[in-house]
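Not measured: the values here are computed from a predicted model. Any value given below was found using the heavy atoms of this structure, including those in side chains, with hydrogens, waters and symmetry copies removed.
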Amino acid sequence: MKIVARDIPPRTAWALEQAGVHPLLARLYAARGVQSKEELDDGLARLLPPSGMKGIDAAARLLADAMAQNKRLCIVADYDCDGATACAVGVRGLRLLGAQNVDYLVPDRVADGYGLTASIARRVKERGADVLITVDNGIASVEGVAEAKALGLQVLVTDHHLPGPALPAADAIVNPNQPGCTFESKSMAGVGVMFYVLLALRAELRARGVFDAATQPKLDPLLTLVALGTVADVVKLDANNRRLVAQGLRRIRAGQMPAGMAALFHAAGRKAAAATTFDFGFALGPRINAAGRLADMTLGIECLLTDDASRAAELAATLDGINRERREIEGGMREQAMLMAESLFDESEEPPPAISVFDPDFHEGVVGIVASRIKDKLHRPTFVFAASSAPGKEHELKGSGRSIPGFHLRDALDLVAKRHPGLILKFGGHAMAAGLSIMAQQLEAFQTAFEHTVRELVCADDLAQTYLTDGSLSAADITLAQAQHLAMQVWGQGFAPPSFTDEFAVIRQQAMGVNHKKVWLQKEGCEFEAMFWRCTDEIPERIRTVYRPVANEWRNNIELQLYIDYWEAA
């Protein structure tokens with residue numbers, strides 16, 4: 001285990017401080033590549049313009065024409081939080097801009113699989129649609145788009161995933177990751193792409209005289225949903241994404257959000273007035289995702305679409321119940337999967353370079369979360385498989401994988417597929433997460449091929465778990481006010497929340513519940529209460545830690561606690 005302090009360019013930190021940035025934040029931002037105070041300006045005027053996105057003008061014309069002819073539009077969503085928020089942004093935004101007929105359809109994770117398939121295209125046609133719009137999917141749906149076109153539908157693909165070898169023959173494609181797109185932010189989530197399409201559509205309608213700058217509908221209320229989907233999809237929070245998230249958080253804290261979002265905050269026991277990116281990733285996102293994992297994502301989308309507070313409360317309570325069920329299923333699966341993973345090596349050995357586990361009782365809706373937990377503990381690229389429950393696909397296994405920094409999971413699957421034709425039935429994803437289908441009898445062959453590929457592409461340093469921290473924090477800086485100040489900033493994937501490393505004397509310790517410990521630590525004569533999660537060990541007298549200062553709310557009291565991510569005897 002290595003603890004490495006981030007490099008802080010002193011001149012940049014000094015320049016940020018001179019420009020009026022809080023000294024600690026100046027240090028944190030400089031270490032994350034921020035060069036100037038302008039980059040921290042999260043005003044809407046600083047957003048990258050839509051015009052830089054390939055295909056966006058064609059998409060705007062297609063939608064404006066369809067609205068002028070009162071054509072029926074149908075959005076095909078994806079069954080995760082990004083897909084659900086992108087769908088809600090699409091439906092709400094198109095209606096705001098004057099579309100009369102907007103419907104949506106979300107595939108079933110089990111019965112339909114991922115993306116726009118030929119059967120989904122037929123269902124869209126049966127609903128009487130004229131235009132099919134994908135959100136958060138479609139870039140790899142060559143057959144689905146071909147079927148939709150053969151049925152006479154116009155097709156607009158909006159997506160952010162990496163394209164395959166051939167692009168679908170859609171009427172328009174908007175995806176910052178398609179070949180030839182010069183849009184600066186390649187990390188936008190599906191919901192961000194859909195929001196940008198709406199901005200371009202509004203500009204097109206303005207040019208056509210439908211409304212002017214004074215009378216045009218405001219799209220910024222949709223930023224609450226854009227912020228939620230962006231954080232929940234764990235895309236890199238580059239400067240543009242941070243602006244989108246900051247704008248959404250600002251509105252939520254001011255109480256300006258859809259009824260369903262307010263109801264989800266309430267169901268999760270979180271306060272919208274003090275909303276943070278943590279709430280998106282760990283409170284609201286999982287409740288929406290649970291619908292796609294165990295039930296029907298329509299519940300999640302309806303929750304985000306309704307303006308009726310009592311219906312929103314009802315849907316949020318249902319989603320909360322499904323999430324509790326998801327946690328129970330995940331708990332049992334995680335335990336079983338972890339035992340299987342740990343049985344692959346002796347206690348005295350390092351884990352193998354890659355982990356792949358399967359059990360016939362695993363639930364396919366939860367395999368991704370379980371893979372994530374194993375990856376976190378063993379620090380290895382991990383796939384967890386479940387038997388497919390789709391009709392006619394009983395002999396297939398569906399796997400979901402999570403990766404470690406420095407190892408591109410989708411590219412690795414691409415390499416396995418090329419070297420072993422026919423081994424993988426289908427796959428997709430990105431650097432840190434990917435999914436695939438294989439025949440059940442090919443599991444062992446896949447495990448061998450995947451492990452061989454990982455062994456080839458990673459080095460020992462990649463497999464050594466490293467805690468990247470922001471160095472030491474003086475005792476005077478470890479305060480409740482500081483913890484609250486840090487929590488209000490926009491942190492996330494690629495712009496990691498701050499953590500620090502320091503030595504402490506251990507004053508006293510007590511067990512909390514079955515698995516946790518509360519420990520009182522001392523540094524520079526100051527005492528701090530610290531939480532050691534999933535820890536039952538006796539803590540020695542002096543320790544070196546990686547920690548985060550947190551404003552912990554308990555029975556209407558807010559107090560400073562240090563959350564300990566890692567510790568070792570000093």
Side-chain angles (χ1 to χ4, degrees), residues 50-51 53-78 83 85-107 115-118 120-139 141-142 144-160 167-176 178 181 190-212 215-219 222 225-226 301 305:
S51 56
M53 213 179 271
K54 183 180 176 182
I56 206 160
D57 294 336
R61 287 193 297 273
L62 185 156
L63 291 172
D65 290 346
M67 285 162 61
Q69 295 158 34
N70 204 16
K71 285 184 175 177
R72 282 166 293 205
L73 314 174
C74 183
I75 294 174
V76 174
D78 183 26
T85 50
C87 182
V89 162
V91 172
R92 282 181 174 275
L94 287 166
R95 287 175 182 164
L96 271 173
L97 294 172
Q100 299 297 313
N101 289 306
V102 188
D103 190 13
Y104 74 90
L105 189 153
V106 59
L116 171 62
T117 59
I120 293 283
R122 289 191 286 272
R123 270 159 58 192
V124 170
K125 182 67 179 174
E126 282 159 19
R127 286 188 172 203
D130 304 301
V131 181
L132 186 159
I133 305 159
T134 71
V135 292
D136 192 31
N137 74 91
I139 197 67
S141 304
V142 174
V145 170
E147 179 70 7
K149 293 295 296 170
L151 293 166
L153 291 163
Q154 283 184 287
V155 181
L156 163 60
V157 167
T158 78
D159 200 353
H160 69 121
L167 292 178
D171 294 273
I173 297 175
V174 186
N175 180 341
Q178 68 177 307
C181 184
V191 65
V193 176
M194 187 63 218
F195 180 71
Y196 263 70
V197 168
L198 294 170
L199 291 176
L201 172 59
R202 186 175 66 177
E204 176 68 20
L205 294 171
R206 246 191 348 256
R208 294 183 184 200
V210 176
F211 33 65
D212 59 27
T215 60
Q216 68 180 12
K218 285 193 180 321
L219 293 175
L222 300 173
L225 293 165
V226 176
I301 295 169
L305 283 177

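- The salt bridge (Lys or Arg N to Asp or Glu O under 4.0 Å) check on R95 picks up nothing, with sequence neighbours excluded.
- Taking the side-chain hydrogen bond (donor to acceptor under 3.5 Å, both in side chains) definition, one finds that N137 meets it with nothing, sequence neighbours left out.
- Contact between N70 and Q100 at its shortest, heavy atoms only, is OD1-CB, 3.4 Å.
- Annotation: ring-ring contact (aromatic ring centres under 6.0 Å, His included) contacts of F195 (sequence neighbours excluded): none.
- The side-chain contact (heavy atoms from CB on, under 4.5 Å) check on A77 picks up C87, V106, V135, I301, with sequence neighbours excluded.
- Remark: K125 pairs with no residue by the salt bridge (Lys or Arg N to Asp or Glu O under 4.0 Å) rule, at least two apart or across chains.
- L73 and A66 make their closest contact through CD2-CB, 3.9 Å (heavy atoms, listed as atom of the first residue, atom of the second, distance).
- With sequence neighbours excluded, no residue satisfies salt bridge (Lys or Arg N to Asp or Glu O under 4.0 Å) with R206.
- Evaluated for a side-chain contact (heavy atoms from CB on, under 4.5 Å) with V157, the options V193, V145, L116 yield exactly one hit, V145.
- By the side-chain hydrogen bond (donor to acceptor under 3.5 Å, both in side chains) test, R208 pairs with D65, E204, sequence neighbours left out.
- Distance alone, capped at 3.5 Å, places no donor-acceptor pair between the T117 side chain and the G144 backbone.
- Partners of A68 by side-chain contact (heavy atoms from CB on, under 4.5 Å), not counting sequence neighbours: none found.
- Note that CG of L94 is 6.5 Å distant from CG of L201, once rounded to the nearest 0.5 Å.
- Annotation: the span from L97 atom CG to M67 atom CE amounts to 5.5 Å, rounded to 0.5 Å.
- L205 and A64 make their closest contact through CD2-CB, 3.9 Å (heavy atoms, listed as atom of the first residue, atom of the second, distance).
- With sequence neighbours excluded, no residue forms a side-chain hydrogen bond (donor to acceptor under 3.5 Å, both in side chains) with Q178.
- The structure places SG of C74 at 10.0 Å from CZ of R123, a figure rounded to the nearest 0.5 Å.
- Between the CE atom of M194 and the CD1 atom of I133 there is a distance of 5.5 Å, given to the nearest 0.5 Å.
- Residues satisfying the side-chain contact (heavy atoms from CB on, under 4.5 Å) test with R127, not counting sequence neighbours, are D103, L105.
- Annotation: side chain of D171 is in contact with side chain of K149 (closest heavy-atom distance under 4.5 Å).
- Scored by the side-chain hydrogen bond (donor to acceptor under 3.5 Å, both in side chains) test, R72 finds no partners at all (sequence neighbours excluded).
- The shortest distance between side-chain heavy atoms of N101 and K71 does not fall below 4.5 Å.
- Between the CG atom in D130 and the CG atom in L132 there is a gap of 11.0 Å [rounded to 0.5 Å].
- In terms of heavy atoms, R202 sits closest to P217 at NH1-O, 2.9 Å.
- Listed here is the closest heavy atom pair of V155 and A148: CG2-CB, 3.6 Å.
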Quiz item: Under the side chain to side chain contact (heavy atoms under 4.5 Å, CB included) criterion, do I139 and L167 qualify, and how do the steps go?
Solution: CA-CA 7 Å; I139 197 67; L167 292 178; 3.8 Å; yes

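- Across all their heavy atoms, A129 and L153 have their closest contact at O-CD2, 3.2 Å.
- Taking CG of D78 as the reference point, atom CG of D136 lies at 4.5 Å (rounded to 0.5 Å).
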Taking distance alone, no hydrogens or angles, what donor-acceptor pairs closer than 3.5 Å link side-chain atoms of residues 55-63 to residues at least two apart or in another chain?
none

